[in-house]
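One structure is given here, and the rest of the page talks about it.
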Amino acid sequence: MNSQNYKTDEDEVLFRPIYHTGRGFYLIAAVLLLIMLVAGTLYVSQLIYGLGVTGMGEPVTWGFYIIDFIFFIGISHAGTLISAILRLSKAEWRRPITRMAEVITAIVLAIGGLHPIIDLGRPDRILHLVTSGRLQSPLLWDVFSITAYFTASTVYLYLPLIPDIALLRDRGDKHHKLYEFLSWGYNGSPEHKKVLERAINILMVMVIPIAISVHTIISWIFAMTLQPGWHSTIFGPYFVVGAIFSGIAALLIIMIIFRKAYHFENYLRDVHFDYLSTLLLIMSLLWFYFTFAEYLTGFYGHEPQEMRVFFYKIDGRFAPLFWLMVVCNFVIPVILLGFKKLRKIPGILIASFSVILGMWLERLIIVIPSLANPRLSYVRTGVYFPSITEVMLLLFGLAALGFGFMMFSKLFPLISIWEIKEGREESVHNVSQRLKGYFPAPQAMHSMEVEGHHEQ
Amino acid sequence: MARYGMVIDLDRCTGCGACVTACKAENNVAIVSEDDAKMGRTMFWMKMLVGYEGEYPNIKMKFIPRLCFECDKPPCIKVCPVRATYKNEDGLVAQIYPQCIGCRYCMAACPYTVKVFNWYRYVPEKPMSNCINPDVSVRPKGVVEKCTFCIHRLQKAKELAQAEHRKMREGDYVPACMQVCPAKAFYFGDLDNPQNRVTEAMRDVRGFTLLEDLGTDPKVHYLHAK
Amino acid sequence: MNNKTIVILQVFSVTLIWGLVLSITALCIHLIHVAYRVHDVPDATVAISIIAILIFWVLGSILTYVFVGLHKQRG
């Protein structure tokens with residue numbers, strides 16, 4: 001009865017996924033759960049037998065787990081960073097995108113944060129980090145920065161969610177008590193709006209440096225060692241650029257999939273994909289610039305140990321992967337996104353998938369070749385091939401991302417409803433006012449003339 | 001306190017590998033299966049590195065017995081998140097097995113790749129299980145280990161000296177690799193004592209250390225005439 | 001579940017974040033203490049701790065500000 005009154009809501013489509021679940025949803029959820037279950041079993045065997053079940057050895061002592069760790073934390077930069085920057089720059093087209101971006105961040109951070117623990121030889125001794133942690137180890141910096149980022153981005157996801165939760169609470173259909181609890185008594189009054197807005201404004205300024213610090217610190221795990229190919233000052237910004245790059249690609253993929261699945265065509269329109277894919281294109285060029293700068297300085301200096309790693313990547317064992325990375329991260333996105341004709345949904349989807357693959361390869365190409373070619377040239381070049389456990393745990397991460405996102409969509413709207421409503425009601429007026437402010441006002445020109453006369 | 005160091009004369013070394021074997025037996029270093037060896041999981045605290053010099057047909061083989069260099073400024077200690085590795089009062093880079101969480105960051109940070117990891121639990125098989133050295137604990141699975149300069153021998157030597165009410169003498173404490181070397185290529189002792197043969201050997205013009213320019217100040221020096 | 005339990009649960013959720021903030025602070029102080037005791041670069045430990053503690057306190061404050069702000073007007 002109650003819900004029928006709301007059928008008239010113009011944003012009813014956004015509420016629909018919460019109340020209606022199709023058969024496809026259960027099917028996909030079951031498949032994802034199955035993948036997670038299989039991977040979980042394999043992880044238990046790793047716990048029992050030790051890290052020997054992986055493909056790691058010496059000198060390649062870090063493998064898929066660390067690569068996936070960098071990769072997943074990189075994707076997390078989609079969210080909070082993008083949405084904070086767009087909010088801060090008052091980009092009105094952000095409104096239907098921010099929520100999805102923030103959800104990706106929260107879920108992926110939780111997944112990525114687990115990877116260093118999976119990688120530990122003795123996960124049972126994890127509490128040693130608490131009892132006798134050394135804050136001067138980059139790994140501890142990571143523990144702190146990821147905890148801070150996870151807390152900040154969850155809060156940053158939650159605060160803009162409160163008005164939507166209040167909307168759901170007022171509908172009173174499903175999970176009424178849960179929404180009542182989560183809405184914190186929000187009633188949409190101007191005072192409440194002001195409190196929320198102020199908090200969001202402080203948070204979005206704060207979240208940007210935290211997000212940047214997270215991936216910088218991950219890069220410092222490598223850059224702080226003396227290994228050839230790692231010991232580079234450019235690594236911090238290089239990783240951050242790559243992180244934002246892969247994050248936008250992940251965001252685009254999720255947007256396209258859920259637009260199709262939940263019929264959001266009217267909300268996620270061509271302009272959103274156009275702007276976001278332009279951003280992806282810019283990041284692709286930026287990524288290429290950083291990669292080029294990184295490798296050229298290494299090559300020009302021609303330090304023998306550096307060159308061993310360099311040639312291992314360029315035309316050694318890793319050459320196919322290296323050039324595939326360049327194609328995936330640079331050639332394909334530039335072709336597909338550079339021309340307006342190709343910059344349509346299918347093209348954007350292909351480009352995003354290629355960037356995701358390319359960025360994962362980039363992490364692989366950073367981690368493995370440097371380990372495989374130790375500085376001491378008498379040591380033989382190492383080999384690494386991942387075991388089934390490691391591959392399955394990568395799939396686990398991806399499946400958990402999809403599953404987490406689906407679960408979220410069943411509890412909360414994937415597109416920020418209040419922000420859409422607010423945009424519809426206020427921003428057209430605000431933006432036109434703002435636009436007027438961009439150009440010299442007639443009055444101001446007049447007064448300048450007067451001033452000019454005075455000078456004469 | 002003492003500052004133990006070592007000099008290895010590569011011009012005397014024949015590459016026989018006695019030091020490698022002695023080290024494995026002395027320290028109960030795990031013996032891994034053939035499959036694991038192919039994956040690079042062979043465990044050596046003392047490893048014989050082989051280098052080739054010159055062009056064919058005038059090739060010269062160069063043997064470098066490589067153990068932990070017990071650096072004075074060790075890059076591995078800096079990165080450990082839990083203080084499982086530290087420099088003890090005798091200048092040795094010590095490893096605390098019950099403290100290690102197995103993150104393997106120190107292995108990645110060591111430019112000499114001297115550290116090894118216990119990928120599995122080591123259960124010594126038949127002939128070897130009879131000659132386990134009772135002075136050295138077998139490491140559990142999932143921790144990093146490395147050459148300790150046979151620190152258990154130092155403990156024994158110290159206790160003996162104390163019981164006999166005297167100071168430690170040169171030769172009281174000698175690691176297993178040096179003891180077995182048939183070519184007498186090793187010199188070992190307290191570097192702070194200028195009378196020791198090891199300090200004398202360190203002043204040799206042939207002396208060098210591996211990757212000197214990294215500034216890790218290894219306490220294992222090599223002698224090699226060019 | 002009546003309104004009162006919901007309010008209690010809400011208060012509990014805010015105390016959770018302060019639990020996190022305070023435990024991070026305690027952890028930092030403990031780590032500084034250990035670093036001093038074993039002479040293991042205490043100055044770096046202090047510097048990093050200050051940044052970490054500051055960030056978490058600000059985060060906790062923002063959330064509390066929202067909570068108080070939303071509840072004050074209702075009552």
Side-chain angles (χ1 to χ4, degrees), chain A residues 47-62 66 116-117 119-143 221-222 224-228 230-231 305 367 370-372 374-380 382-385 387, chain B residues 32-33 35-44 47-52 62-64 66 75-84 86 96-122 140-144 210-211 214-216:
Chain A
L47 278 181
I48 295 168
Y49 295 109
L51 276 174
V53 300
T54 65
M56 293 182 274
E58 280 127 36
V60 188
T61 49
W62 280 343
I66 295 290
I117 301 171
D119 187 60
L120 288 187
R122 299 297 301 225
D124 50 319
R125 292 178 182 171
I126 187 81
L127 280 181
H128 287 193
L129 287 174
V130 175
T131 54
S132 52
R134 288 175 79 242
L135 269 176
Q136 48 276 38
S137 163
L139 278 184
L140 252 278
W141 306 348
D142 246 330
V143 171
I221 291 184
F222 304 99
M224 292 291 163
T225 67
L226 290 168
Q227 303 306 349
W230 284 359
H231 193 52
Q305 288 129 2
V367 174
S370 280
L371 284 170
R375 201 172 261 277
L376 200 59
S377 51
Y378 301 107
V379 178
R380 253 194 312 171
V383 282
Y384 169 70
F385 201 81
S387 75
Chain B
V32 302
S33 71
D35 287 338
D36 282 325
K38 276 183 193 149
M39 293 168 82
R41 290 173 180 174
T42 35
M43 298 179 88
F44 287 116
K47 193 172 184 174
M48 190 62 77
L49 300 181
V50 184
Y52 301 93
K62 187 169 154 189
F63 296 103
I64 306 176
R66 186 228 54 197
C76 56
I77 288 182
K78 265 196 254 178
V79 299
C80 178
V82 291
R83 275 191 200 88
Y86 72 106
I96 313 173
Y97 308 121
Q99 178 70 10
C100 178
I101 56 171
C103 70
R104 310 191 295 296
Y105 198 179
C106 55
M107 299 175 77
C110 174
Y112 309 101
T113 53
V114 302
K115 299 211 172 187
V116 287
F117 185 72
N118 287 278
W119 299 97
Y120 294 105
R121 194 166 88 87
Y122 175 49
K141 80 165 188 225
V143 302
V144 175
L210 287 178
L211 303 178
L214 291 183
T216 52

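Protein chains get the first letters and strands the later ones, always in sequence-line order, with residue 1 at the start of each. All of these numbers come straight from a predicted model, not from anything done at the bench. Atoms considered below: every heavy atom in the structure, side chains included; atoms not considered: hydrogens, waters and symmetry mates.
Once rounded to the nearest 0.5 Å, the distance linking OG of A:Ser132 with CG of A:Leu127 reads 10.0 Å.
Using the six-membered ring where Trp is involved, B:Tyr105 and A:Trp62 have ring planes that are tilted, between 30° and 60° apart.
Of the listed residues (B:Cys76, B:Gly51, B:Ala108, B:Cys110), the one with the most heavy-atom contacts under 4.5 Å to chain A is B:Ala108. The residue among A:Arg122, A:Arg380, A:Gln227, A:Gln305 with the most heavy atom pairs within less than 4.5 Å of chain B is A:Arg122. Of all the listed residues (B:Met107, B:Lys141, B:Arg104), the one sharing the greatest number of non-hydrogen pairs under 4.5 Å with chain A is B:Arg104. Ranked by heavy-atom pairs under 4.5 Å with chain B, the first of A:Val379, A:Leu120, A:Val143, A:Val383 is A:Leu120. Among A:Gly52, A:Ser377, A:Gly57, the residue making the largest number of heavy-atom pairs under 4.5 Å with chain B is A:Gly52. Of the listed residues (B:Gln99, B:Met39, B:Met43), the greatest number of heavy-atom pairs within a distance under 4.5 Å of chain A belongs to B:Gln99. Across B:Ala84, B:Pro81, B:Pro140, the residue that shares the most heavy-atom pairs under 4.5 angstrom with chain A is B:Pro81. When each of B:Thr42, B:Ile77, B:Asp36 is checked for heavy-atom pairs under 4.5 Å with chain A, B:Ile77 comes out on top. Counting heavy-atom pairs closer than 4.5 Å to chain B, the top residue among A:Pro138, A:Ser370, A:Pro374 is A:Pro138. Across A:Val53, A:Thr61, A:Leu371, the residue that shares the most heavy-atom pairs under 4.5 angstrom with chain B is A:Thr61. In terms of non-hydrogen atom pairs under 4.5 Å with chain B, the most contact-rich of A:Leu139, A:Ile117, A:Thr225 is A:Leu139.
Contacts of B:Ile101 with chain A are made by both backbone and side-chain atoms, with heavy-atom separations under 4.5 Å. For A:Leu129, the parts lying under 4.5 angstrom from a heavy atom of chain B are both the backbone and the side chain. Heavy atoms of B:Val116 lying under 4.5 Å from chain A belong to its backbone as well as its side chain. Proximity to chain B (any heavy atom under 4.5 Å) is shown, for A:Thr131, by neither the backbone nor the side chain.
Side-chain contact check for A:Arg125 versus B:Val143: some heavy-atom pair is nearer than 4.5 Å. You'll find the side chain of B:Phe63 reaches within 4.5 Å of the side chain of B:Val50, heavy atoms only. Side-chain contact check for B:Val32 versus B:Tyr120: every heavy-atom pair is 4.5 Å or farther apart.
Checked against side chain to side chain donor-acceptor pair (under 3.5 Å), A:Tyr378 has the following partners two or more places apart in sequence or in another chain: B:Lys62. The salt bridge (Lys or Arg N to Asp or Glu O under 4.0 Å) test applied to B:Arg66 returns no partner, not counting sequence neighbours.
Looking only at distances, a side-chain donor or acceptor of A:Arg134 sits under 3.5 Å from a matching main-chain atom of B:Lys78. Within the 3.5 Å criterion, the main-chain N or O of A:Leu135 finds a donor-acceptor partner in the side chain of A:Trp141. At least one donor-acceptor pair under 3.5 Å links the side chain of A:Arg375 to the backbone N or O of A:Leu226.
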